[in-house]
Amino acid sequence: MKTALILNGPNLNLLGTREPAVYGSQTLADVEKLCERACTANGFALDFRQTNHEGTLVDWLHEAGKLHAKGKLAGVILNAGAYTHTSVALHDAIKGTGITLIELHISNVHAREEFRHHSYISPAAKAVMAGFGVNGYALAVAGLAGMQ
Ligand code: DQA
């Protein structure tokens, strides 16, 4: 069974209380449960993580690259939070590993402030998901299944 690695970046640990009008009222633990159900339905093992640190995300992408090389990775779903709009390091890490990666945002970043319109992740991603709320995570898992 291949693994779907779902990575969450800064401030996503605050889901549930953070700007609920934008991100909804479900917590990160709720999102993990939703991902667990989606992965079971699609025949993936789930590895679900969150960090507030850019370098940790880079390390986890390298880890994903090693799993990919062994044929054990279905792909990565990455909500890089604000690092989406700033991080050349994440862009380079994705490109350097050859992994299949779906960029995910809970909100529709293109309907928000202009500084959220540019993504360093998108040019290195296989697909982009934005604006479906936390249900986007389940949709991205199904999308990943369709890419196998
Ligand atoms: C986000 C959108 C980003 O612009 C923001 O910095 C986040 C969350 C989203 O899921 O909608 O932290 O990635």
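In listed order, ligands and their atoms are each counted from 1.
- At a 4.0 Å cut-off, not a single heavy atom of Thr84 sits close enough to ligand 1 to count as contact.
- Classification of Arg49 and Glu63 as a salt-bridged pair holds, one side-chain N sitting under 4.0 Å from a carboxylate O.
- Side-chain N or O atoms of Asn52 include one that pairs as donor or acceptor with a backbone N or O of Asn11 at under 3.5 Å.
- Within the structure, every pair that satisfies the ring-ring contact (aromatic ring centres under 6.0 Å, His included) test and touches residues 120-148, not counting sequence neighbours, is listed here: His118-Tyr120.
- Contact atoms of ligand 1 toward Val109: 2 (C), 4 (O) (distance under 4.0 Å to a heavy atom of the residue).
- Contact annotation for Arg116 and ligand 1: only side-chain heavy atoms (C-beta onward) come within less than 4.0 Å of the ligand.
- Considering only non-hydrogen protein atoms, atom 1 (C) of ligand 1 sits nearest to His105 ND1, 3.7 Å.
- Ile6 CD1 to Leu144 CG: the interatomic distance, rounded to the nearest 0.5 Å, is 8.5 Å.
- Of the polar atoms of Leu12, none of the N or O atoms is found under 3.5 Å from an N or O of ligand 1, judged by distance alone.
- Counting heavy atoms from C-beta outward, Val134 and Tyr23 have side chains that stay 4.5 Å or more apart.
- In terms of heavy atoms, Thr84 sits closest to Ile121 at CA-CG1, 3.9 Å.
- Nearest protein heavy-atom neighbour of atom 11 (O) of ligand 1: Ser107 OG, 2.6 Å.
- The protein atom (non-hydrogen) at minimum distance from atom 9 (C) of ligand 1 is Ile106 N, 3.3 Å.
- Of all atoms in ligand 1, numbered sequentially from 1 with element shown, those under 4.0 Å from a heavy atom of His85 are 3 (C), 4 (O).
- Within the structure, ligand 1 lacks Asn11 among the residues with a heavy atom less than 4.0 angstrom away.
- Side chain of Glu103 to main chain of Ser122: a donor-acceptor pair is present (N/O by atom type, distance under 3.5 Å, no hydrogens or angles).
- Ligand 1 lies within reach of Tyr23, whose nearest heavy atom is under 4.0 Å from it.
- The side chain of Asn79, and not its backbone, has at least one atom closer than 4.0 Å to an atom of ligand 1 (non-hydrogen atoms only; side chain from C-beta on).
- Here Glu54 pairs with Ser87 under the side chain to side chain donor-acceptor pair (under 3.5 Å) rule; sequence neighbours left out.
- With hydrogens and angles disregarded, no donor-acceptor distance shorter than 3.5 Å links the side chain of Asp59 to the backbone of Thr56.
- For ligand 1, none of its N or O atoms has an N or O atom of Arg112 under 3.5 Å away.
- Under a 4.0 Å heavy-atom criterion, Arg18 is in contact with ligand 1.
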